[in-house]
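Below: the structure, in structure tokens.
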Amino acid sequence: MKLDISTLMMIFFLLALSVSIWKIYAFLPNKQLEDDDRTPEAQKELERIMSKVLKQRIDTISNKELYVAIKEDESFDDKRFWRFNQNRLNIMRGNLKKV
């Protein structure tokens with residue numbers, strides 16, 4: 001059986017492609033991280049904390065004051081919500097106003 005050069009090139013290309021796809025798959029995260037705060041459950045928890053803080057304050061509160069109050073709340077978990085910042089609060093509060 002005689003293989004020409006194009007057949008050999010196709011075999012090596014497919015072999016290299018399959019190895020590279022496997023290597024990419026091996027490094028992708030397969031399980032959810034325990035400090036992932038982008039899940040719907042974590043988002044609901046942040047919204048619950050934000051609404052609790054807003055209910056405690058009857059007067060109008062700025063986003064900066066709300067951010068500080070949420071960070072100081074006893075139910076706020078710094079380790080879980082380590083990516084929570086002022087910009088994310090602004091987006092969340094803007095989404096609540098639209099609903």
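Nothing fancy with the numbering, it's 1 onward along the sequence.
In this structure, CG in D73 is found 10.5 Å from CG in L66, a value given to the nearest 0.5 Å. How far CD1 of I11 is from CG of L15: 9.5 Å, rounded to the nearest 0.5 Å. Atoms CE and CG, from M9 and L3 in turn, are 13.5 Å apart once rounded to the nearest 0.5 Å. Distance check, rounded to the nearest 0.5 Å: CZ of F76 to CE of M50 gives 12.0 Å. The CG atom of N63 sits 4.5 Å away from atom CG of N90, with the distance rounded to the nearest 0.5 Å.
Residues satisfying the ring pair (Phe, Tyr, Trp, His ring centres under 6.0 Å) test with Y67, not counting sequence neighbours, are F84. For D78, there are no side-chain hydrogen bond (donor to acceptor under 3.5 Å, both in side chains) partners at least two apart in sequence or on another chain. Partners of S18 according to the side-chain hydrogen bond (donor to acceptor under 3.5 Å, both in side chains) rule, which considers only residues two or more places apart in sequence or in another chain, do not exist here.
A salt bridge is absent between D37 and K79: the closest approach of a Lys/Arg side-chain nitrogen to an acidic carboxylate oxygen does not fall below 4.0 angstrom. With respect to the salt-bridge test (charged N to carboxylate O, under 4.0 angstrom), the residues E45 and R48 qualify.
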Intermediate values then yes/no, side-chain contact (heavy atoms from CB on, under 4.5 Å), D36 and R83: CA-CA 9 Å; D36 187 13; R83 289 185 283 195; 3.2 Å; yes

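I21 and M10 fall within the same hydrophobic cluster, defined by Ile, Leu, Val, Met, Phe, Trp and Tyr side-chain heavy atoms under 4.5 Å apart, directly or through other members.
Residues R93 and L54 come closest through the heavy atom pair NH2-CD2, 4.0 Å.
Atom NZ of K64 is surrounded by 12 or fewer heavy atoms from other residues, nucleotides or ligands within 6.0 Å.
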